[in-house]
**Q** 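Below you'll find the structure I mean.
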Amino acid sequence: MKMKRFSACDFFVIPLLLFIICFSSPFISASRLLQSDIHEVHRRSLLANGLGATPQMGWNSWNHFNCMVNETIVRQTADALVSTGLAKLGYRYVNIDDCWAELNRTSEGKLIGNKVTFPSGIKALADYVHSKGLKLGIYSDAGFYTCSKRMPGSLHHEEIDAKTFAEWGIDYLKYDNCYNDGSKPTVRYPVMTRALMKAGRPIFFSLCEWGDMHPATWGAHVGNSWRTTGDITDDWKSMVSRADMNEVFADYARPGGWNDPDMLEIGNGGMTHNEYVVHFSLWSVSKAPLLIGCDVSNIAKDTMEILANKEVIQVNQDPLGVQAKKVRYEGDLEIWAGPLSGYRTVIVLVNRGPTRLPITALWEDIELPVDTVVKARDLWKHKTLSKSFKNQLTAETDSHACKMFILTPIS
Ligand code: GLA
């Protein structure tokens with residue numbers, strides 16, 4: 001068989017023709033489309049770290065210890081997460097918040113653990129936490145200082161800091177927004193995203209810009225979760241208002257990227273037991289990060305009862321990853337609902353008022369086909385109710401309390 005030989009004409013005329021074809025008008029839109037596709041792929045891969053398939057679970061030092069955190073507390077917390085059984089339930093991230101570093105970088109420009117409070121260094125702490133089967137999280141800021149102003153931020157030091165974190169074995173970065181240069185978070189945060197992607201270690205990226213620029217609308221390309229609110233405080237009003245602000249963005253939550261109404265206050269003493277049950281129930285159905293904010297080494301029995309409720313945790317960690325919404329409210333009485341895997345529906349009936357009252361969830365409000373017959377599992381009583389339900393379910397609910405059910409179709 002004879003091979004076709006290429007002539008000079010093939011080498012010059014064919015590429016020229018191709019060039020003209022590509023840039024002639026009928027093809028311009030197609031080539032633009034291709035470019036935007038490439039851009040889209042690039043944007044999506046900005047944070048291809050494979051983390052956050054379900055909301056993150058663990059502990060963070062800030063709500064209880066503020067700037068009083070030190071390496072002993074972190075080690076003891078890691079020990080306590082394991083000994084209490086909380087680690088087995090999924091609480092695996094041990095996250096150090098603000099105030100862990102020296103105010104000045106090293107001569108090489110690196111962050112370094114505070115010599116008084118973290119004398120063994122962060123690498124040793126990471127090794128210890130890993131030896132317990134847990135993961136270590138750390139905190140920095142897209143500004144010149146962190147919010148405490150006691151340590152530097154990572155602005156203009158993103159690459160060296162991301163590399164340092166990866167070298168230490170850090171698994172999680174919470175990235176705050178204080179003392180920045182006035183530019184938008186949408187400009188500053190992706191710089192750290194890229195730096196983390198280059199650092200060679202999958203690091204969960206938690207954006208903390210307090211909801212200022214509606215991060216739900218852009219966060220999925222940049223981080224694994226994004227704060228939708230300012231800081232929570234340990235009281236009922238603050239807690240329910242965080243849940244409300246976060247609910248607005250429900251449609252943006254998905255596996256890989258979650259709305260974050262801030263960390264848990266359960267066990268810190270500012271709310272009643274029932275109020276903390278509402279806190280955990282709403283965070284669970286909102287697919288919020290479950291980051292314990294109390295002193296796990298000295299955890300009370302009733303706090304454990306809430307944080308270790310396996311059935312409520314499973315709702316939060318359901319693989320479908322759909323955030324529940326407040327589907328109806330009348331005055332102080334609210335119905336939150338969302339779909340779960342296996343054609344199940346989770347509902348939370350919340351009474352924000354001063355007196356015990358019945359609350360009714362109508363199938364039409366929770367998007368169950370009318371006439372569907374369901375069995376109802378009470379997740380706080382750990383009991384499946386003996387009767388089945390059709391078209392609606394009513395439950396008496398105490399003041400500042402809730403009922404939480406999973407509804408499973410019978411037929
Ligand atoms: C900000 C954050 C908090 C906490 C503090 C630390 O206020 O929103 O969650 O990290 O900074 O200084």
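Both ligands and their constituent atoms are indexed starting at 1 by order of listing.
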**Q** Mind telling me whether Y172 and F204 have parallel, tilted or perpendicular rings, with 30° and 60° as the class edges?
**A** parallel
**Q** Are I292 and C294 side-chain neighbours, meaning at least one heavy-atom pair lies under 4.5 Å?
**A** yes
**Q** Identify, by atom number and element, the atoms of ligand 1 in contact range of C208, meaning under 4.0 Å from any of its heavy atoms.
**A** 2 (C), 8 (O)
**Q** Between E311 and R377, is the closest basic N to carboxylate O distance under 4.0 Å?
**A** yes
**Q** Is C99 touching ligand 1 with its side chain, its backbone, both, or neither, if touching means heavy atoms under 4.0 Å apart?
**A** neither
**Q** Heavy atoms only: which of M263, K174, E209 lies closest to atom 9 (O) of ligand 1?
**A** K174
**Q** Could you list which atoms of ligand 1 come closer than 4.0 Å to a heavy atom of R227?
**A** 8 (O), 9 (O)
**Q** Flag the pair R242 and D231 as a salt bridge only when some basic side-chain nitrogen lies within less than 4.0 angstrom of an acidic carboxylate oxygen.
**A** no
**Q** Among all protein non-hydrogen atoms, which one is nearest to atom 10 (O) of ligand 1, and what is the separation to 0.1 Å?
**A** D97 OD1, 2.6 Å
**Q** For C147, counting its heavy atoms only, list the atoms of ligand 1 lying under 4.0 Å from any of them.
**A** 1 (C), 11 (O), 12 (O)
**Q** Under 4.0 Å from any heavy atom of Y139, which atoms of ligand 1 are there?
**A** 6 (C), 10 (O), 11 (O), 12 (O)
**Q** How close does the nearest protein non-hydrogen atom get to atom 3 (C) of ligand 1, and which residue and atom is it?
**A** D231 OD2, 3.5 Å
**Q** Would you call the rings of F144 and H156 parallel, tilted or perpendicular, taking 30° and 60° as the class edges?
**A** tilted
**Q** Which residue owns the protein heavy atom closest to atom 2 (C) of ligand 1, what's the atom, and how far is it?
**A** D176 OD2, 3.1 Å
**Q** Counting heavy atoms only, which part of T146 comes closer than 4.0 Å to ligand 1: side chain, backbone, both or neither?
**A** neither
**Q** By the definition salt bridge (charged side-chain N to carboxylate O under 4.0 Å, His left out), identify the one residue from D176, D262, D212 that meets it with R227.
**A** D262
**Q** On the 0 to 90° scale, with breaks at 30° and 60°, tag the F249-Y252 ring pair as parallel, tilted or perpendicular.
**A** tilted
**Q** Checking the N or O distance criterion of under 3.5 Å, is ligand 1 in contact with D98?
**A** yes
**Q** Going through the checks in order, is the side chain to side chain contact (heavy atoms under 4.5 Å, CB included) test met by I112 and I122?
**A** CA-CA 8 Å; I112 179 170; I122 307 297; over 6 Å; no
